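Note sheet for the following structure.
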Amino acid sequence: MANKMKNCPECGKIFIDTGAGMCNDCLRKEEQNEIVVCSYLRDNPGSTIKQIYEDTGIKERTIMRMLRAGRFIGKGDISYPCERCGTMIKEGRYCHKCSQELQADVKRMSDAINQKKQAVKKDKGVLKSRGMYLK
C-alpha cells in the first residue's frame with residue numbers, strides 16, 4: 001500500500017499518511033493527551049467524556065477517537081453517550097437496548113429481502129400455460 005498525501009483531520013496541514021491518520025505533530029499531541037486522560041481516569045474513575053473535557057481541556061471528539069481506538073481499556077471506567085439514544089454506556093457504540101433493536105431491524109430487513117427473492121424464484125418456476133386445462 002502506497003503512502004498518500006492527506007490533510008490532517010486535526011490541524012488541516014498536508015502530510016504523508018503512513019497509517020496513523022494524522023500528521024506527526026498532532027499524533028505527538030494526541031499521545032500526550034492520552035497520558036493526561038489516563039491519569040485523569042485513574043484519579044476519577046467512572047467519569048464522562050464531558051467531565052474529562054471540562055477538567056482537562058481535551059476535545060470531546062479527540063477523547064471519543066481515542067476511546068474507539070481502545071486506548072483506555074483497563075485504565076478506568078469511562079462513560080459516553082450511545083450514538084443512537086444518548087444513554088450513557090461504557091463500551092461499544094450503542095447501548096444494549098439500541099443494539100438489540102438494530103439487530104432486530106437488520107433481521108427484519110434480511111427476512112423481507114429473502115421473502116422477495118423466494119417470490120421471484122417461485123414466479124420464474126411457474127409455467128404460464130396458454131392452453132386449456134382439462135379435469
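Please read all numbers here as calculations on a predicted model, not as lab measurements.
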Could you state the interatomic distance from CE (Met66) to NZ (Lys59), rounded to the nearest 0.5 Å? 11.5 Å
Which heavy atom of Ser47 sits nearest a heavy atom of Tyr40, and at what distance? OG-CE2, 3.3 Å
Taking all atoms of both residues into account, what is the closest heavy-atom pair of Cys23 and Cys8, and its distance? N-SG, 3.5 Å
Within the distance-only criterion (no hydrogens, no angle test), does the side chain of Ser110 pair as donor or acceptor with the backbone N or O of Val106 below 3.5 angstrom? no
Which heavy atom of Pro45 sits nearest a heavy atom of Arg42, and at what distance? CD-O, 3.9 Å
Apart from Tyr94 itself, what residues make up its hydrophobic cluster, given side-chain heavy atom links below 4.5 Å? Leu102
Identified side-chain hydrogen bond (donor to acceptor under 3.5 Å, both in side chains) counterpart of Lys13 within the set Asn7, Asn24, Asp25: Asp25
If the condition is side chain to side chain contact (heavy atoms under 4.5 Å, CB included), which residues does Asp43 pass it with, not counting sequence neighbours? Ser39
What distance separates Ile52 CD1 from Leu41 CG, expressed to the nearest 0.5 Å? 4.5 Å
Going only through I, L, V, M, F, W and Y residues with side-chain contacts under 4.5 Å, is there a path from Ile14 to Ile16? yes
In Å, rounded to the nearest 0.5 Å, how long is the span from CE of Met22 to CG of Leu27? 6.5 Å
Where is the tightest heavy-atom contact between Cys82 and Cys95, given as atom of each residue plus distance? SG-N, 3.3 Å
Nearest-0.5 Å distance that lies between atom CD in Gln51 and atom CD1 in Ile63: 10.5 Å
Charged N-O contact under 4.0 Å between Glu10 and Arg61: yes
